[in-house]
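Since the structure comes first, as structure tokens, the remarks are kept for the end.
Just so you know, ligand 1 is whichever comes first in the structure, and atom 1 is the first atom listed for that ligand.
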Amino acid sequence: MKTISIESIDSTNTYLKKLKTPTEDTVIIAKKQTGGRGTKGRSFICEEGGVYMSLLRLYPCKAENSFSIMMNSAVAVVKTLSAFDIKAKIKWPNDVIVNGKKICGILIENVFEGEYVSRSIVGIGLNVNNPIADEIKDIAISTKEVLGKEISVETVTATLIYNLYQPTTYEEYKKHLLYLGEEVTVITQKSTYKALIDDIMPNGNLKTSEGEILSSAEITIRK
Ligand code: BTN
């Protein structure tokens, strides 16, 4: 695996997306990002002191199993935090939450070729020692705030990369998931309504108690 460490970059995901013909898995780690990207076209604030990294994996799985990449990355973050005595949960599909606030965001960008995911870019932004901007203080948290002390960003990053290569099961993902069996607010482009989460299916879709099947590409949930 190739590792690139850099002081500052617009976005580690964008860097890996631009690689023409990568021949091995590549990880890029930045101290800060000037144009961090989030899911659904949103931006992601990246102040120095956090972990901002992206991992490019070549042929990680078959196309039909692409949700395993989301499960694997979210569980890898939960395990990493647990190594630092922080209990984290997953908010479907793959936000990582501590004490009701988001500690980590994950942006996955896949390229499909026939039956396979030929390239997967897993971008992870984890709040470690970085300050949390005032405007997101109610919804975001860092390990520093949870532990009351700084921890080594390098050790967190190394633990995370190790965990990203460990296999994960659907059962393990579900074990860490928030809101299973609970009522949530479902937000679509056109409406907002309440629904009871019955299950998460192996392909990553959410099933409500009414039997409705919802995809994370189309909806967001909140408590
Ligand atoms: C989200 O919560 O919406 C996902 C945020 C993902 C942020 C990470 S930081 C490293 C990588 N590079 C990016 O531009 N985004 C991801």
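The pair Glu150-Lys144 counts as a salt bridge, with a side-chain nitrogen and a carboxylate oxygen less than 4.0 angstrom apart. The pair Asp199-Lys207 does not meet the salt-bridge criterion, since no charged nitrogen lies less than 4.0 angstrom from a carboxylate oxygen.
Applying the ring-ring contact (aromatic ring centres under 6.0 Å, His included) test to residues at least two apart or on different chains, none of the pairs has a partner in residues 100-120.
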* Would Arg37 and Glu109 satisfy salt bridge (Lys or Arg N to Asp or Glu O under 4.0 Å), going step by step from the backbone distance to the final call? -> CA-CA 11 Å; Arg37 295 191 291 114; Glu109 297 181 286; 2.9 Å; yes

key: Ile90/Asp95 under side chain to side chain contact (heavy atoms under 4.5 Å, CB included): CA gap, chis, key distance, verdict   = CA-CA 6 Å; Ile90 301 165; Asp95 278 346; over 6 Å; no

In sequence, state the C-alpha distance, the side-chain angles, and the governing distance for Glu115 and Lys62, and then conclude on salt bridge (Lys or Arg N to Asp or Glu O under 4.0 Å). CA-CA 6 Å; Glu115 277 181 49; Lys62 286 192 121 179; 3.0 Å; yes

Give the intermediate values and the outcome of salt bridge (Lys or Arg N to Asp or Glu O under 4.0 Å) for residues Asp138 and Lys101. CA-CA 7 Å; Asp138 290 345; Lys101 296 181 180 181; 5.5 Å; no

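Contacts of Ile106 with ligand 1, taken as heavy-atom pairs under 4.0 Å, involve the backbone alone.
Atoms of ligand 1 lying under 4.0 Å from at least one heavy atom of Arg37, given by number and element, are 5 (C), 6 (C), 7 (C), 13 (C), 14 (O), 15 (N), 16 (C). The atoms of ligand 1 that sit less than 4.0 Å from any heavy atom of Met53 are 10 (C). Of all the atoms in ligand 1, the ones that sit under 4.0 Å from a non-hydrogen atom of Gly36 are 14 (O). Ligand-side atoms of ligand 1 in range of Gly38: 1 (C), 3 (O), 4 (C), 5 (C), range being under 4.0 angstrom from any heavy atom. For ligand 1, the atoms lying closer than 4.0 Å to a non-hydrogen atom of Ser11 are 12 (N), 13 (C), 14 (O).
From the protein, the heavy atom lying nearest to atom 9 (S) of ligand 1 is Gln33 NE2, 3.2 Å. What sits closest to atom 5 (C) of ligand 1 on the protein, heavy atoms only, is Phe44 CD1, 3.3 Å.
Ligand 1 has no atom lying under 4.0 Å from any heavy atom of Arg42. Contact analysis puts Lys102 in contact with ligand 1, with a non-hydrogen atom separation below 4.0 angstrom.
Nearest to atom 11 (C) of ligand 1 by heavy-atom distance, out of Ile9, Thr12, Thr39, is Thr12.
Residues Met53 and Leu164 are in side-chain contact: their nearest non-hydrogen atoms beyond the backbone lie under 4.5 Å apart.
Taking any N or O of Tyr52, backbone or side chain, none lies under 3.5 Å from an N or O belonging to ligand 1.
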